[in-house]
Asks: 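The structure under discussion is supplied below as structure tokens; questions concerning it will follow.
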Amino acid sequence: MYSRYFTPGQRLQVNTLCEDKLPARRESMNVLFTNYELDHFDVAIPHTWPAKEGSPFPEGRPLEIISERYGLWLKSTASFHSQPSDKVIRLRMNNDLCIFHHRPQLRVETSVGLRYSAQRGNLPAFHRQWRQQISKLTTTATALTAPTFAHGQVNLSASGIRMPIQTAVQKNDLCLLMLALNEASEPICTLTEVIWTAPRAEGEGTIAGMQFLNILNQDQQQIEQFVNQRQSKNAGTTI
């Protein structure tokens, strides 16, 4: 079943749906399929995850595997099996592969407050930083945790963002990103991965397309609501 739809080098998104001492959230990792044998997937991690750091996925947590092949969107569930090396993870598949309809997220051009830190690799460190920041934001008064934001023109959806970035970045680089949708909203913190880059048409720097990997459910819903409101407002002013 799986061998029909998955080939070496195919990109997969592995989602962990977490509910523990932190608010409900999704933590994700983009990996590359390498092999399927005896109900197990071996996947390669573009960013090294040293085995000494422990499992990249919470033990016992169900995982969701998302991919695209032949124009079809594929979904299956799995669980963490083992980590043969710093670059390879083995997943135990549940043999429940299904094809689903992918609905593209609404996007909007808008101005938001931005603050980010980007670098290559070191995925475990970024996961720790994101969880620490989320814990700080959810347990401390906003006035004490909100940083200073620089406003930028972005293209925003509930699944990712296209934004100007001054730091030199490449595809697959990681970025700890904080957003302020407006002056009244609390900061949103998300761990993102750079999917593509392009030179800015005007001025120095780069335009980067980023996918949200780790994000609180409530923050993703807030972004979705913000985008929907902006879409409705723009539609209402169209001549």
Asks: What closest approach, in Å, do Leu137 and Cys189 show between heavy atoms, and which atom pair accounts for it?
Replies: CD1-CB, 3.9 Å
Asks: Taking the side chain as C-beta and beyond, is there a heavy-atom pair between Ile223 and Ser157 under 4.5 Å?
Replies: no
Asks: Please check this pair: side chain of Gln105 against backbone of Ser159, looking for a donor-acceptor N/O pair closer than 3.5 Å.
Replies: no
Asks: If we check side-chain contact (heavy atoms from CB on, under 4.5 Å) with Met29, which of these qualifies: Thr16, Val43, Ile89?
Replies: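 When side-chain contact (heavy atoms from CB on, under 4.5 Å) is applied between Met29 and each of Thr16, Val43, Ile89, only Ile89 qualifies.
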Asks: Given the rule in the side chain to side chain contact (heavy atoms under 4.5 Å, CB included) test, do Ile66 and Phe100 qualify, once you have shown the distances and angles that lead to the verdict?
Replies: CA-CA 10 Å; Ile66 302 291; Phe100 72 98; 4.1 Å; yes
Asks: Answer yes or no: is there a side-chain heavy-atom contact under 4.5 Å between Phe149 and Leu179?
Replies: no
Asks: Quick one: do Lys171 and Glu193 make a salt bridge, cutoff under 4.0 Å?
Replies: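 Judged by the 4.0 Å cut-off on N to carboxylate O distance, Lys171 and Glu193 do not form a salt bridge.
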Asks: How long is the span from the CZ atom in Arg4 to the CG atom in Leu74, to the nearest 0.5 Å?
Replies: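 The CG atom of Leu74 is 10.5 Å from CZ of Arg4, to the nearest 0.5 Å.
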Asks: Under a 3.5 Å threshold, yes or no: a donor from one side chain and an acceptor from the other, between Ser232 and Arg230?
Replies: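 Absent: no donor and acceptor within the cut-off.
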Asks: Is the side chain of Lys87 donor-acceptor paired with the backbone N or O of Ile45 at a distance under 3.5 Å, no angle test?
Replies: yes
Asks: Among Arg25, Gln220, Glu27, which residue meets the side-chain contact (heavy atoms from CB on, under 4.5 Å) test with Ile215?
Replies: Gln220
Asks: If Ile, Leu, Val, Met, Phe, Trp and Tyr residues are connected whenever their side-chain heavy atoms lie under 4.5 Å apart, and connections chain through other members, are Ile65 and Tyr2 in the same group?
Replies: yes
Asks: If you draw a 6.0 Å radius around CD in Gln225, do more than 12 non-hydrogen atoms from other residues or ligands fall strictly inside?
Replies: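 At most 12 heavy atoms, drawn from other residues, nucleotides or ligands, come within 6.0 Å of this atom.
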Asks: Closest heavy-atom contact between Gln153 and Glu109?
Replies: NE2-C, 3.9 Å
Asks: For side chain to side chain contact (heavy atoms under 4.5 Å, CB included), just list the numbers for Gln222 and Val227, CA-CA rounded to whole Å, side-chain angles, deciding distance to a tenth of an Å, and then say yes or no.
Replies: CA-CA 9 Å; Gln222 184 182 347; Val227 171; over 6 Å; no
Asks: Before giving the answer on side chain to side chain contact (heavy atoms under 4.5 Å, CB included), spell out for Asp39 and Asn95 the whole-Å C-alpha distance, their side-chain angles and the decisive distance to 0.1 Å.
Replies: CA-CA 7 Å; Asp39 297 331; Asn95 294 317; 3.4 Å; yes
Asks: Check side chain to side chain contact (heavy atoms under 4.5 Å, CB included) between Arg11 and all other residues, then give those that pass, not counting sequence neighbours.
Replies: Asn30, Leu32, Ile195, Gln211
Asks: Measuring from Leu156:CG to Leu181:CG, what's the distance to the nearest 0.5 Å?
Replies: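 Reported value, rounded in 0.5 Å steps: 6.5 Å.
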Asks: Do Val194 and Phe126 land in one hydrophobic cluster if side-chain heavy atoms of ILVMFWY residues count as linked below 4.5 Å?
Replies: no
Asks: Donor-acceptor check, side chain of Gln133 to backbone of Trp130, threshold 3.5 angstrom: yes or no?
Replies: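 No, Gln133 side chain to Trp130 backbone: no donor-acceptor pair under 3.5 Å.
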Asks: What's the spacing between Glu37 CD and Thr34 OG1 if we round to 0.5 Å?
Replies: 11.0 Å
Asks: Give a yes or no on whether Leu174 and Ile161 share a hydrophobic cluster (residues Ile, Leu, Val, Met, Phe, Trp, Tyr; joining criterion: side-chain heavy atoms under 4.5 Å apart).
Replies: no
Asks: Please confirm whether the backbone N or O of Leu72 pairs with a side-chain atom of Tyr5, one donor and one acceptor, at under 3.5 Å?
Replies: no
Asks: Does the Asn228 side chain pair with the main chain of Glu224, one donor and one acceptor, at a distance under 3.5 Å?
Replies: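 Yes.
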Asks: Looking only at atom types and distance, does a side-chain atom of Asp86 sit under 3.5 Å from a main-chain N or O of Ala51, one as donor and one as acceptor?
Replies: yes
Asks: Do Pro62 and Glu64 come within less than 4.5 Å of each other through their side chains, counting heavy atoms only?
Replies: no
Asks: Under a 3.5 Å threshold, yes or no: a donor from one side chain and an acceptor from the other, between Gln13 and Asn15?
Replies: yes
Asks: Verify the cluster assignment for Phe226 and Met178: are they in a single hydrophobic cluster under the rule of side-chain heavy atoms below 4.5 Å apart?
Replies: no
Asks: List the residues meeting side chain to side chain contact (heavy atoms under 4.5 Å, CB included) with Gln132, not counting sequence neighbours, and say none if there are none.
Replies: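 Counting only residues at least two positions away or on another chain, Gln132 forms a side chain to side chain contact (heavy atoms under 4.5 Å, CB included) with Arg128.
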Asks: Judged by atom type as modelled, is there a donor-acceptor pair below 3.5 Å linking the side chain of Ser67 to the main-chain atoms of Leu12?
Replies: no
Asks: Got a sec, which residues hit side chain to side chain contact (heavy atoms under 4.5 Å, CB included) with Trp196, two or more places apart in sequence or on another chain?
Replies: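 Testing Trp196 for side chain to side chain contact (heavy atoms under 4.5 Å, CB included), a comparison that skips the adjacent residues, returns Arg162, Ala198, Ile207.
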Asks: Scan side-chain atoms only and decide if Arg107 and Asn155 contain a donor-acceptor pair under the 3.5 Å cut-off.
Replies: yes
Asks: Sequence neighbours excluded, which residues qualify as side chain to side chain donor-acceptor pair (under 3.5 Å) partners of Asp96?
Replies: Ser76, Thr77
Asks: Would a distance-only check, ignoring hydrogens and angles, find a side-chain to backbone donor-acceptor pair under 3.5 Å from Thr206 to Ala208?
Replies: no
Asks: Suppose we screen for salt bridge (charged side-chain N to carboxylate O under 4.0 Å, His left out). Which residues come up paired with Arg90, at least two apart in sequence or across chains?
Replies: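 With neighbours one apart ignored, the set is Asp42.
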Asks: How far apart are the closest heavy atoms of Pro124 and Thr48, and which atoms are they?
Replies: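 Between these two residues, the closest heavy atoms are CD-O, 3.8 Å.
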Asks: Is the closest side-chain heavy-atom distance between Leu213 and His127 below 4.5 Å?
Replies: no
Asks: Run Phe6 and Tyr36 through ring-ring contact (aromatic ring centres under 6.0 Å, His included) and show every step you take.
Replies: CA-CA 8 Å; Phe6 294 87; Tyr36 171 68; 8.4 Å; no
Asks: If I compare all heavy atoms of Arg92 with all of His40, which pair ends up nearest, and what's the gap?
Replies: CA-CD2, 3.8 Å
Asks: Would you say that Gln166 contacts Tyr116 through its side chain, given a criterion of any heavy-atom pair below 4.5 Å between the two side chains?
Replies: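 Yes, close enough: below the 4.5 Å cut-off.
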Asks: Check the pair Arg69, Thr7 against side chain to side chain contact (heavy atoms under 4.5 Å, CB included), reporting the backbone distance first and the verdict last.
Replies: CA-CA 9 Å; Arg69 179 73 172 167; Thr7 60; 3.2 Å; yes
Asks: Is there a donor-acceptor pair closer than 3.5 Å between any side-chain N or O of His81 and the backbone N or O of Met93?
Replies: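 Pair absent, no side-chain N/O of His81 close to backbone of Met93.
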Asks: Answer yes if Val108 and Phe212 sit in the same cluster of Ile, Leu, Val, Met, Phe, Trp and Tyr residues linked by side chain heavy atoms under 4.5 Å apart, and no otherwise.
Replies: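 Val108 clusters together with Phe212.
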Asks: Suppose we screen for ring-ring contact (aromatic ring centres under 6.0 Å, His included). Which residues come up paired with Phe57, at least two apart in sequence or across chains?
Replies: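 By the ring-ring contact (aromatic ring centres under 6.0 Å, His included) rule, Phe57 matches no residue at all.
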Asks: So which atom in Phe80 and which in Leu63 form the shortest heavy-atom distance, rounded to 0.1 Å?
Replies: N-CD1, 3.8 Å
Asks: Measuring from Met210:CE to Thr197:OG1, what's the distance to the nearest 0.5 Å?
Replies: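 Rounded to the nearest 0.5 Å, the CE-OG1 separation comes to 10.0 Å.
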Asks: Provide the closest heavy-atom pair for Gln83 versus Gly54 in the form atom of the first, atom of the second, distance.
Replies: OE1-O, 4.0 Å
